[in-house]
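Notes for the one structure printed next.
First the proteins, then the strands, lettered A, B, ... as listed; each starts at 1.
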Protein chains: 2
Amino acid sequence: MKITYKSDYALKTILDLAAHFGNGPVAINDLSQRLDIPTKFLEQILLDLKRAGFVESRRGKVGGYSLGRHPGKITLGEVTRFIAGPVEPIACVDKKYSGCQDIGKCVFRDVWEEVNRSASRIIDNVTFEDLLKKSKKMNKAFTYQI
Amino acid sequence: MKITYKSDYALKTILDLAAHFGNGPVAINDLSQRLDIPTKFLEQILLDLKRAGFVESRRGKVGGYSLGRHPGKITLGEVTRFIAGPVEPIACVDKKYSGCQDIGKCVFRDVWEEVNRSASRIIDNVTFEDLLKKSKKMNKAFTYQI
DNA sequence: ATAATCTCTATTATATTAGTAGAGTATACC
DNA sequence: GGTATACTCTACTAATATAATAGAGATTAT
């Protein structure tokens, strides 16, 4: 797993779409402005997310993107794994990688797999509905502070 | 955390040095051959590891590298964190990164921190002595199979 | 028709990773 | 002291991945 700009953009985009779930499609331009993501870059990310089934799209005048499923049915784990690869390890899974050719001899592998399981247990139990609720709570707290 | 070739090489090198702990220094060339790592690349890695105090070196005819501490006193976590960065998240910690400027508003951050803690709990409790023992056991099992 | 919006492929710039090169410094041993 | 051996340090290069940018094309509401 590697949280790059692209994967971060993707996560934030899905969270935004979760916030607008049920209100019809949201245009790329709106997302792009609100989340401060280069429009053309976001386009590509959304197409990826669409191919994976996380979002749906609609063309034309009232077109835009919407979440493919209810926010409570999309986990952080699913999306992260899709856009950022497996949690751990990276190299051990890599085909080009020669260090782990005989898997039985790589003593590190077991540990990375345990890390992987442990991380998955966390992120597979967080839905975008959860994140959305937390986000709303945070914004409220932030507003009161002012 | 990102397990690149460099970090993988570093981990394997330390494991090898752990196996030779107490027997005097091991030359780069030996390590390089045994672990199949380009010599000049390994040089740099070893210098990094030396600066971090994981290994010690000795120049001259009977020179080479040796572990700076007892294998039981070096954890996988320490080394991994040094050579591969923090376990998670990458982007949230990045200075250039603008997405998490107001930390209180990044709902993902909490999750990544939980993942981080969870992974740390694992890798901070594995020493190179542990890994060495496991490695020996594995090799034995492998030999019997033949 | 046409304006708005998504779709797709190609290209470019920058950063990171992996590896290479070579001159320099210390040490054991004869 | 000379010499072989081995670590030290800095710079450079190639390959790959990341982050964008560009533009022509397809769909839909009005």
Does the base of C:dC6 carry an N or O that pairs as donor and acceptor with the side chain of A:Glu43 under 3.5 Å?
no
N/O donor-acceptor pair, side chain B:Lys40 with base C:dG22, under 3.5 angstrom
yes
Taking the side chain as everything from C-beta on, heavy atoms only, tell me whether A:Leu42 gets closer than 4.5 Å to A:Leu46.
yes
Can you tell if the side chain of A:Tyr65 reaches within under 4.5 Å of the side chain of A:Arg58, non-hydrogen atoms only?
no
Test log, rule side chain to side chain donor-acceptor pair (under 3.5 Å), inputs A:Arg81 and A:Ser120:
CA-CA 9 Å; A:Arg81 218 165 276 119; A:Ser120 293; 3.2 Å; yes
Is the shortest side-chain N to carboxylate O distance from [X] to [Y] below 4.0 Å?
| X | Y | answer |
| --- | --- | --- |
| A:Lys73 | A:Glu78 | no |
| A:Asp48 | A:Arg51 | yes |
| A:Lys12 | A:Asp16 | no |

According to ring-ring contact (aromatic ring centres under 6.0 Å, His included), does anything in residues 23-48 of chain B pair up with another residue at least two apart or in another chain? List the pairs.
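Sorted result for residues 23-48 of chain B: B:Tyr9-B:Phe41.
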May I have all residue pairs that pass ring-ring contact (aromatic ring centres under 6.0 Å, His included) and include part of residues 115-136 of chain B, sequence neighbours excluded?
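Every candidate ring-ring contact (aromatic ring centres under 6.0 Å, His included) pair involving residues 115-136 of chain B fails, so no pair, neighbours aside, qualifies.
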With rounding to the nearest 0.5 Å, note down the distance linking CZ in B:Arg117 to CG in B:Asp124.
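Going from CZ on B:Arg117 over to CG on B:Asp124, the span is 13.0 Å.
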Would you say C:dT5 has OP1 or OP2 under 4.0 Å from some side-chain N or O of A:Ser57?
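No, outside the criterion.
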Report yes if at least one side-chain N or O of B:Tyr9 is closer than 4.0 Å to OP1 or OP2 of C:dA18; otherwise report no.
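Result: no.
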With a 3.5 Å cut-off and sequence neighbours excluded, list the donor-acceptor pairs that the side chains of residues 22-33 of chain A form with protein atoms.
from, atom 1, to, atom 2, distance (Å)
A:Ser32, OG, A:Ile37, O, 2.8
A:Ser32, OG, A:Thr39, OG1, 3.0

Of residues 44-55 of chain B, the positions that come close to DNA chain D - non-hydrogen atoms, cut-off under 4.0 Å:
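By residue number: B:Gln44, B:Leu47, B:Lys50, B:Arg51.
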In numerical order, the residues of residues 14-35 of chain B whose heavy atoms come under 4.0 Å of DNA chain D are B:Val26, B:Ala27, B:Ile28
What residue among A:Leu15, A:Thr13, A:Ile123, A:Leu11 forms side chain to side chain contact (heavy atoms under 4.5 Å, CB included) with A:Val79?
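Exactly one option meets the side chain to side chain contact (heavy atoms under 4.5 Å, CB included) with A:Val79, and it is A:Leu11.
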If each of B:Tyr65 and A:Arg58 is mapped to the nucleotide of DNA chain D with the nearest heavy atom, which maps nearer the 5' terminus, i.e. the 5' end?
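Closest to the 5' end, via its nearest nucleotide, is B:Tyr65.
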d(CZ, A:Phe41; P, D:dT18) in whole Å:
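Taking atom P of D:dT18 as the reference, CZ of A:Phe41 is at 10 Å.
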A:Leu42 CG - D:dT21 C1' separation (whole Å):
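Interatomic distance, CG of A:Leu42 to C1' of D:dT21: 14 Å.
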Every protein N/O lying under 3.5 Å from an N/O of nucleotides 1-4 of chain C:
none

